[in-house]
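One structure is given below, encoded as structure tokens.
Position 1 is the first residue of the sequence; numbering continues from there. In this text, all values refer to a predicted model and were calculated from it rather than measured experimentally. For ligands, and for the atoms within them, numbers begin at 1 and follow the listed sequence.
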Amino acid sequence: MASFALHGIGVSRGIAIGRAQLVSHATLEVAHYAIPPGALDAEIARFDHAIGDVLQELESLRQVVTAGDAPAEIGAFLDVHWMILRDPTLCEGPRRIITEQRCNAEWALTQQMAVLVEQFDQIEDAYLRERKADVVQVVERVLKRLLGRPGPVGAQASEHQTILVAHDLSPADVIQFKQHRFAAFITDLGGVTSHTAIVARSLNVPAVVATHNGRQLIRENELLIVDGTNNVVVVNPDKSVLAEYRLKQGELGLERAKLRRLRTKPAMTIDGQEVELFANIELPDDLPQTLDSGAGGIGLFRSEFLFLNREGLPTEEEQFEAYREVAQGMGGKPVTIRTFDLGADKQQAGLGGLSRMAPNPALGLRAVRFCLAEPRLFLTQLRAILRATHYGNVRILIPMLASVAEIDQTLVMIAQAKESLRERGTPFNDGVQVGGMIEIPAAALAISSFLAKLDFLSIGTNDLIQYTLAIDRSDDAVSHLYDPLHPAVLKLIAMAISAANRAHVPIAVCGEMAGEVRLTRLLLGLGLRSFSMHPAHVPGVKQRVLTSDLPEIGGIVDRMRRTDDPAKLIALLDKLNA
Ligand code: PEP
Ligand code: MG
């Protein structure tokens with residue numbers, strides 16, 4: 001097999017070596033793992049049980065329909081499902097795949113489904129072709145049963161060596177992978193600060209995006225090396241390349257172990273300035289990693305991830321449980337819950353018309369705009385967050401603010417949510433701090449009104465860069481233009497930090513810039529004392545803080561602030577990091 005390299009954008013550092021698993025959408029939700037030879041019969045039995053359960057389910061539904069006055073079509077529809085399920089292609093095929101490929105039942109079933117769906121696609125008769133949807137529905141029913149009856153514990157071990165290869169993944173797709181342990185992943189599309197990349201980083205595995213045709217060129221089960229640090233994927237490496245990468249992988253492991261020892265050390269510069277290093281999380285499941293990283297708190301809980309990958313919206317109770325779990329888990333350390341930032345690339349199925357694709361989603365009804373347009377949804381979330389304030393040190397953060405009117409309206413909503421909790425007699429912290437994100441240039445330029453009304457600020461550099469440079473952060477065609485060091489971006493960040501420091505209003509950076517070690521000294525020099533980043537980046541940034549001397553940095557950063565020359569900026573940054 002010929003060896004070749006693919007270039008893309010490394011969005012999550014590190015090296016992974018493993019076998020390719022090509023991802024198509026229908027199989028996204030299904031884990032793939034090896035079944036030991038001795039457990040194959042049990043796996044087939046698990047599959048047979050699931051089929052039996054669904055047949056029974058369909059039969060009882062049929063009886064209900066026959067007894068009642070339901071339209072005849074429903075009965076016919078159940079009959080079709082019953083027939084599909086009894087067809088040997090669906091009930092025999094997967095058994096064979098389980099035995100031959102020694103894989104789990106869910107995987108075998110979706111493989112077989114893909115074959116069937118392809119056959120249906122080729123049928124001339126439009127009516128029969130439509131039955132494809134029934135096949136998918138039947139398979140989904142069986143999958144649900146299987147997932148309620150998981151396979152043997154530990155069987156997922158082989159995922160450690162599996163590398164996912166997809167054309168594109170949405171943030172919602174990627175968040176599902178949190179439950180599995182893949183070694184790395186590769187996509188054809190994507191940009192550095194797309195939400196997909198951010199979630200990929202949170203999986204803490206190497207990832208290379210924007211390979212353009214990787215999904216087409218890589219074959220199932222091929223050996224791959226993913227080097228997220230150097231933006232490269234090696235397909236079918238030869239022995240010497242493989243040996244070299246294994247060596248590098250070992251060195252990186254040692255480096256990580258060394259950094260881990262800094263876990264309990266306070267983040268302080270050489271000249272004695274304390275710096276806050278907080279974590280960004282997406283779900284309560286991220287807590288163990290956050291605690292392990294030594295982060296001093298949570299600077300950004302992207303609560304909208306509670307709304308993805310589900311039918312319907314989470315209730316107040318469900319949200320409250322998630323927020324309380326995080327608040328309690330952090331044991332009194334600050335937990336900054338961002339109210340949900342849906343819209344743009346994070347769409348929620350249950351939001352009906354409002355979640356429709358806007359002509360220009362990033363400039364559309366997103367984040368706080370969406371919340372203010374949907375007051376009931378917003379109030380539900382605010383009540384849930386307020387209730388969690390009773391169980392820890394919780395703060396509220398509002399995303400995508402552009403104008404004072406939005407702050408005023410949000411504060412009124414918070415007051416309303418408090419009032420309804422008071423009426424219910426539910427405890428909450430009346431003094432909860434409310435902060436705002438500086439993500440739109442307008443907010444950075446008119447920051448004084450934000451400072452007057454909010455308790456703290458957090459700069460979302462991912463969006464600030466997107467909106468300053470007019471570059472869609474999720475579009476890989478323009479990702480090469482995405483530049484945190486653009487003089488205009490630096491000016492806006494510098495301006496926001498200085499104004500907040502002068503007004504004694506705490507300000508943090510919670511965009512990806514905060515976790516980039518090469519930018520740590522620049523941000524420190526601009527006066528930043530609070531950083532929030534993916535937990536895996538905390539140790540590296542801490543090490544950089546520990547070796548930084550503010551008086552020494554100051555002069556270089558002042559020169560960086562004064563120049564609009566990109567080449568000079570790079571040279572000065574190199575000097576800063578020397
Ligand atoms: C940002 O925009 O920098 C940010 C932290 O928010 P998100 O990446 O979730 O949009
Ligand atoms: Mg943002």
Side-chain angles (χ1 to χ4, degrees), residues 11-12 170-172 174-175 190-202 209 277-283 286 295 297-308 336-348 361-371 395-402 406 435-444 450 456-475 479 482-486 489-490 492-493 496-497 507-516 519 523 528 530-535 537-538 541:
V11 293
S12 186
S170 72
V174 182
I175 204 92
V192 190
T193 54
S194 64
H195 282 104
T196 304
I198 291 172
V199 184
R201 267 193 287 279
S202 82
V209 303
L277 300 183
F278 283 8
N280 294 351
I281 66 165
E282 276 89 43
L283 290 170
D286 299 327
I298 289 173
L300 176 67
F301 177 174
R302 292 184 163 98
S303 70
E304 61 276 10
F305 280 90
L306 297 173
F307 289 69
L308 301 181
T336 315
I337 302 178
R338 174 173 77 185
T339 56
F340 65 84
D341 181 358
L342 288 169
D345 58 345
K346 287 174 289 192
Q347 299 289 330
Q348 208 279 350
L363 302 183
L365 203 56
R366 185 193 151 184
V368 70
R369 304 168 179 185
F370 179 64
C371 289
R395 317 189 291 177
I396 301 176
L397 179 63
I398 313 295
M400 284 273 296
L401 288 165
E406 286 164 341
M437 289 189 75
I438 304 292
E439 311 192 80
I440 300 180
F450 284 64
F456 66 97
L457 297 177
S458 192
I459 310 178
T461 48
N462 307 334
D463 277 315
L464 187 65
I465 298 168
Q466 153 164 275
Y467 295 124
T468 305
L469 304 181
I471 287 160
D472 184 342
R473 60 193 271 202
S474 60
D475 183 352
S479 63
Y482 195 95
D483 179 14
L485 286 176
H486 190 292
V489 171
L490 292 186
L492 287 170
I493 295 174
I497 295 173
I507 187 161
V509 167
C510 64
E512 297 304 293
M513 278 179 82
E516 269 194 60
L519 301 178
L523 292 170
L528 191 75
S530 181
F531 297 62
S532 191
M533 66 202 82
H534 181 263
H537 296 158
V538 171
V541 173

At under 4.0 Å between heavy atoms, which part of [X] makes contact with ligand 1: side chain, backbone, both or neither?
{"X": "R473", "result": "side chain"}
{"X": "E512", "result": "neither"}
{"X": "I459", "result": "neither"}

Heavy atom of [X] under 4.0 Å from ligand 1?
{"X": "M513", "answer": "no"}
{"X": "Q466", "answer": "no"}
{"X": "M533", "answer": "no"}

At a 4.0 Å threshold, what atoms of ligand 1 neighbour a non-hydrogen atom of [X]?
{"X": "M437", "answer": "4 (C), 5 (C), 6 (O)"}
{"X": "R302", "answer": "4 (C), 5 (C), 6 (O), 7 (P), 8 (O), 9 (O)"}
{"X": "L300", "answer": "5 (C)"}
{"X": "C510", "answer": "5 (C)"}
{"X": "R366", "answer": "10 (O)"}

How long is the straight-line distance from [atom2] of [Y] back to [atom1] of [X], given to the nearest 0.5 Å?
{"X": "L342", "Y": "F305", "atom1": "CG", "atom2": "CZ", "value": "9.5 Å"}
{"X": "S532", "Y": "H537", "atom1": "OG", "atom2": "NE2", "value": "12.0 Å"}
{"X": "Q466", "Y": "E439", "atom1": "CD", "atom2": "CD", "value": "9.5 Å"}

* Distance-only donor-acceptor check, side chains S303 and R338, under 3.5 Å ->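 No, R338 and S303 have no side-chain donor paired with an acceptor closer than 3.5 Å.
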* To do: Anything under 30° is parallel, anything over 60° is perpendicular, the rest tilted; go ahead and classify F340 against F307.
  =>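 Judged by the thresholds at 30° and 60°, the geometry between F340 and F307 is tilted.
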* Identity of the N, O or S atom of D463 lying closest to the Mg ion (ligand 2) ->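 That would be atom OD2.
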* Return the name of the atom in E439, of element N, O or S, nearest to the Mg ion (ligand 2). =>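 Nearest N/O/S atom of E439: OE1.
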* Please determine if E304 has a nitrogen or oxygen closer than 3.5 Å to a nitrogen or oxygen of ligand 1. =>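 No, E304 has no N/O under 3.5 Å of an N/O on ligand 1.
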* Pairwise side-chain contact, I396 with T336, heavy-atom cut-off 4.5 Å (strictly under) ->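 A side-chain contact under 4.5 Å is absent here.
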* So, does Y482 use its side chain to make a donor-acceptor pair with the main chain of N462 at under 3.5 Å? ->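 The answer is yes, because a donor-acceptor pair under 3.5 Å joins these two groups.
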* **Sidechain N-carboxylate O distance under 4.0 Å for R366, D463** =>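 Between D463 and R366 there is a salt bridge, with a charged N closer than 4.0 Å to a carboxylate O.
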* Asked: I440 and L401: which non-hydrogen atoms are nearest, and at how many Å?
  ->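 I440 and L401 have their closest heavy atoms at CD1-O, 3.8 Å.
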